[in-house]
Every structure is written in structure tokens, then in C-alpha cells.
Amino acid sequence: MNGRKYALVTGGSRGIGRAVCLKLSEMGFNVLINYRSNDAEAEKVLSLVRDSGGDGELMKFDVADRAAVEAAVAAWKEAHPGDYIPVLVNNAGFRRDALLVWMEDNDWNAVIDVTLKGFLNVTRCLLQDMLVSRFGRIINIASLSGIKGLPGQTNYSAAKGGLIAATKALAQEIARKKVTVNAVAPGFIATDMTSDLDESQLKKLIPAGRFGRPEEVASLVGFLASEESGYITGEVISVNGGLYT
Ligand code: NAI
């Protein structure tokens, strides 16, 4: 199989990650669905991929755990000699909101670790092959919070703002090798992560008048993963229904 056809999606078992897995599968990618703990949900995504005529594999690891990431990628490479993973979607993430005065070290560290160390651990593992092969697409799922900051989310805003800055720096480092790095910044998207938010109130702030759907983020990720996007790098593209950032 053509090595260009593999795509790894972190946190692919639900929400935006699941929609990205399905979109990339529809585009012909063999999707490597990363997840941390929920075997049943991950299996469901793989079944959906297969039901729609695609194929993929599950890759279970915690993105914040460097040794676990390296072991999983090494095992994949051993099972696929001569192949590499040209598309990486760094999607894994979570919120642990608190006002800064009440912020516990754990709430700060856990959010920063999954977002920033997760980006480092997984990207570093796949990057060398992309550079040597002279083709790669890295897509980082950031957030509106990382652009404008949101109260109650200094940890999450710092993590996503850091991810945006890392996107811009790395893009410049590797553009000559035909590896692009871009960030997608969703606004309010209806997933488990936002299920505790009051859409009926918040939608009044959104010019489009509604939360977005995971598929509406996935379609942009699909474009950024494609060969057609080769001259776009270091960008941050919002998917937020017109929320001013
Ligand atoms: P979700 O909570 O439904 O999915 C997040 C996924 O990341 C889950 O599958 C979770 O298991 C996985 N994950 C978390 N920590 C992990 C770890 N250490 N290792 C591996 N996987 C891990 O949330 P949603 O909404 O689909 O979020 C996806 C991305 O989009 C996240 O990075 C989030 O910060 C970002 N985002 C979401 C927005 C929204 O409104 N839903 C808005 C802006 C950004």
C-alpha cells in the first residue's frame, strides 16, 4: 500500500476526533485511531470506518506518556516495514476549568501535558519519516480559547495558545521539506467536551446562531490533510460560526 495513505488521529474515539477519522477514511486514508482508555468507543469508530468501506487500526496510548507513544509507534513501524505515517492530527485534549485563584497544580499540569507534551511526543515520533519522505501534514486542533483566551480556562487557553505558537515555529522549521503544519481553532462544537455548556444561552453570542458540528471541523482537517493544501503552512484557521476572535 502507498505509504501516503496512513493518517494518525489522536483522541480519535469520539467527538471531533471521530469525525476526523471518518472524513479521512472517506478520502481513502487508512486511519490509525488513537485513544487512551475507552476500548468500546474506539472499536465503534473502527467499525464505522470499515462499514463505510475504509480500513484502519486502533493505537492505544496516552499522548502525554512519551514512552507509551514511542512504543506504540515503534510497534506500528515494525508491523509495516517500509511504510510511514504522513498525516498526523493532534486532536487529543481536554478541559479542566477553574478560576486561576482556585487553580490546582494538577489542573494546570494535566491540561498543559496532554496538549503540549502530547503534541511534542507524537509529532517528534512521526516527523523524521515525513522529512525524509519529503511529504507530511501535521494538523493541530487548537481552540478559540488559544486565540482570545476564555475566563475560567487560563490553563486550557495557555495550552492552546502554546500549541498555536508551536505550530507557527515548526511550520517555518520544516516548510522546505514539504511538510506543512497548521492549526484549526474550533469555537463551540457540540461534543462530550461541551455537553455541560448551555447552548441556548451561548448561541446568542455566535453569529451563526448555533454550535458547530464535529463534521464541520473535520471537513477543514480533510482539506489540510490533502495534497491540495501544500502551500498553506503555519496558519491558524477558525471554525467558529463567525465568533469574533
Ligand atoms: P472530546 O472530549 O469528545 O474528545 C477528546 C478526545 O481526546 C477523547 O477521545 C479523549 O479520550 C482524548 N484524549 C484526552 N486526553 C488524551 C490523552 N492523554 N491521550 C489520548 N487521548 C486523549 O472532545 P472534542 O470536543 O472532540 O475535542 C477534540 C479536540 O478539539 C480537543 O483538543 C479540544 O480541546 C478541541 N476543541 C474542542 C472544542 C469544542 O467545542 N468541542 C472547541 C475547541 C477546541
Side-chain angles (χ1 to χ4, degrees), residues 8-23 31-46 58-69 71-73 88-97 107 109-123 125 139-150 153 155-164 166-167 183-199 202-203 205-206 208 210-218 220-221 236-241 243 245:
L8 170 59
V9 181
T10 68
S13 62
R14 61 180 210 225
I16 292 171
R18 174 174 53 199
V20 168
C21 288
L22 295 174
K23 176 69 190 175
V31 271
L32 312 177
I33 305 162
N34 159 254
Y35 68 107
R36 183 174 42 176
S37 55
N38 195 332
D39 299 301
E41 284 293 302
E43 290 283 358
K44 244 192 254 169
V45 179
L46 184 55
L58 300 182
M59 282 178 94
K60 185 176 184 175
F61 57 78
D62 177 341
V63 295
D65 180 344
R66 177 177 180 174
V69 174
V73 173
L88 166 62
V89 184
N90 286 305
N91 166 77
F94 72 105
R95 295 165 37 204
R96 202 171 281 167
D97 298 355
D107 296 338
N109 293 337
V111 170
I112 300 278
D113 274 5
V114 170
T115 306
L116 289 180
K117 261 199 210 150
F119 159 79
L120 170 67
N121 289 338
V122 186
T123 306
C125 260
I139 299 137
N140 298 320
I141 307 300
S143 171
L144 174 74
S145 305
I147 300 174
K148 76 184 287 265
L150 285 180
Q153 293 195 326
N155 52 353
Y156 184 80
S157 301
K160 295 298 193 180
L163 185 61
I164 286 172
T167 300
V184 171
F188 292 101
I189 308 297
T191 66
D192 289 345
M193 184 178 277
T194 50
S195 57
D196 60 327
L197 304 180
D198 183 356
E199 181 171 353
L202 284 167
K203 72 183 185 186
L205 306 172
I206 304 170
R210 62 175 177 87
F211 278 16
R213 289 180 289 107
E215 295 73 20
E216 292 173 309
V217 179
L220 173 62
V221 174
V236 186
I237 305 176
S238 290
V239 183
N240 64 20
L243 265 176
T245 53

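Values below: every heavy atom of this structure, side chains too, minus hydrogens, waters and symmetry copies. Remember, it's 1-based here, ligands and their atoms both numbered in the order they're listed. In this text, all values refer to a predicted model and were calculated from it rather than measured experimentally.
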Open item on the list: Is Thr10 close enough to touch ligand 1? Criterion: a residue heavy atom under 4.0 Å from a ligand atom.
Closed with: no
Open item on the list: With the threshold set at under 4.0 angstrom, would you say Ser145 reaches ligand 1 through any of its heavy atoms?
Closed with: no
Task: ligand 1 to Ile16 polar contact by distance, N or O atoms, under 3.5 Å - done: yes
Open item on the list: Among all protein heavy atoms in this structure, tell me which lies nearest to atom 4 (O) of ligand 1, with the distance rounded to 0.1 Å.
Closed with: Arg14 NE, 3.7 Å
Task: Close-contact set for ligand 1 against Phe188 heavy atoms, below 4.0 Å - done: 40 (O)
Open item on the list: Side chain, backbone, both or neither: which applies to Val217 and ligand 1 if a contact is any heavy-atom pair less than 4.0 Å apart?
Closed with: neither
- [ ] Give the residue, atom name and distance (to 0.1 Å) of the protein heavy atom nearest atom 6 (C) of ligand 1.
- [x] Gly11 O, 3.7 Å
- [ ] Specify whether the nearest protein heavy atom to atom 10 (C) of ligand 1 is under 4.0 angstrom away.
- [x] no
- [ ] Identify the protein heavy atom lying closest to atom 34 (O) of ligand 1, giving its residue, its atom name and the separation to 0.1 Å.
- [x] Tyr156 OH, 2.5 Å
Open item on the list: Geometry only, no angles: is Ser143 polar-contacting ligand 1 at N/O separations under 3.5 Å?
Closed with: no
Task: Numbering as shown, the atoms of ligand 1 that approach Ser13 to under 4.0 Å (heavy-atom distance) - done: 9 (O)
Open item on the list: Minimum heavy-atom separation for Ala142 and Ala183, please, with both atom names.
Closed with: CB-CB, 4.4 Å
- [ ] Output yes when a side-chain donor or acceptor of Glu215 lies under 3.5 Å from a complementary backbone atom of Ala19, and no otherwise.
- [x] no
- [ ] Would you mind checking which non-hydrogen protein atom is closest to atom 40 (O) of ligand 1, with the distance to 0.1 Å?
- [x] Ile189 N, 2.8 Å
Open item on the list: Could you identify the single nearest non-hydrogen protein atom to atom 27 (O) of ligand 1 and state the distance to 0.1 Å?
Closed with: Met193 CE, 4.0 Å
Task: Glu216 with Arg210: basic N within carboxylate O range, under 4.0 Å - done: yes
Open item on the list: Less than 4.0 Å is my threshold; does some heavy atom of Ala142 fall inside it relative to ligand 1?
Closed with: yes
TODO: Ignoring hydrogens, just give me the one of Asp192, Asn34, Leu150 whose non-hydrogen atom is nearest atom 20 (C) of ligand 1.
DONE: Asn34
TODO: Would you name the heavy atoms of Val111 and Thr115 that are closest together and state the gap between them?
DONE: O-OG1, 3.0 Å
Open item on the list: Suppose we measure from atom 13 (N) of ligand 1 to each protein heavy atom; which comes out shortest, and what is that distance?
Closed with: Ala92 CB, 3.8 Å
TODO: With heavy atoms only and a cut-off of under 4.0 Å, state how Lys160 meets ligand 1: side chain, backbone, both or neither.
DONE: side chain
Open item on the list: Below 3.5 Å, N or O to N or O, backbone or side chain included: is there any such pair between Tyr35 and ligand 1?
Closed with: no
Task: Thr191 contact mode with ligand 1 (heavy-atom cut-off under 4.0 Å) - done: side chain
Task: Contact check: Pro186 vs ligand 1, nitrogen or oxygen atoms, below 3.5 angstrom - done: no
- [ ] Kindly say whether Asn91 contributes a backbone atom to a donor-acceptor pair with the side chain of Thr10 at under 3.5 angstrom?
- [x] yes
Open item on the list: What protein heavy atom lies closest to atom 42 (C) of ligand 1? Include the residue and the distance to one decimal.
Closed with: Gly187 O, 2.9 Å
Task: Whether Lys160 side chain and Ile141 backbone form a donor-acceptor pair below 3.5 Å - done: yes
Task: Part of Pro214 with heavy atoms under 4.0 Å of ligand 1, whether side chain, backbone, both or neither - done: neither
TODO: Considering only NZ, NE, NH1 and NH2 on the basic side and carboxylate oxygens on the acidic side, decide whether Arg95 and Asp196 come within less than 4.0 Å.
DONE: yes
TODO: Would you mind checking if Asp39 and Lys60 are paired as a salt bridge, meaning a charged N to carboxylate O distance below 4.0 Å?
DONE: yes
Open item on the list: If I apply the N/O under 3.5 Å rule, does Thr194 come out as touching ligand 1?
Closed with: no
Open item on the list: Considering Asn91, Val69, Ile141 one by one, which has a heavy atom nearer to atom 32 (O) of ligand 1 than any of the others?
Closed with: Asn91
TODO: List the atom of Asn90, the atom of Val122, and the distance in Å for their closest heavy-atom pair.
DONE: OD1-CB, 4.0 Å
Task: Shortest heavy-atom approach to atom 7 (O) of ligand 1 - which of Gly93, Ala190, Ala68, Gly118 - done: Gly93
Task: Polar contact flag for Ala64 and ligand 1 (N/O pairs, less than 3.5 Å) - done: no
Open item on the list: Checking a contact table here: which protein heavy atom is nearest atom 18 (N) of ligand 1, and how many Å away?
Closed with: Asp62 OD1, 2.8 Å
Open item on the list: Measuring from non-hydrogen atoms of Phe211 to any atom of ligand 1, is the shortest distance under 4.0 Å?
Closed with: no
TODO: For Thr167 and Asn140, test the side chains for any donor-to-acceptor distance below 3.5 angstrom and give the result as yes or no.
DONE: yes
- [ ] Over all heavy atoms of both residues, which pair between Ala185 and Val236 is shortest? Give the atoms and the distance, please.
- [x] CB-CG1, 4.1 Å
TODO: Spell out, as yes or no, whether a donor-acceptor pair under 3.5 Å connects the side chain of Asp62 to the backbone of Arg36.
DONE: no
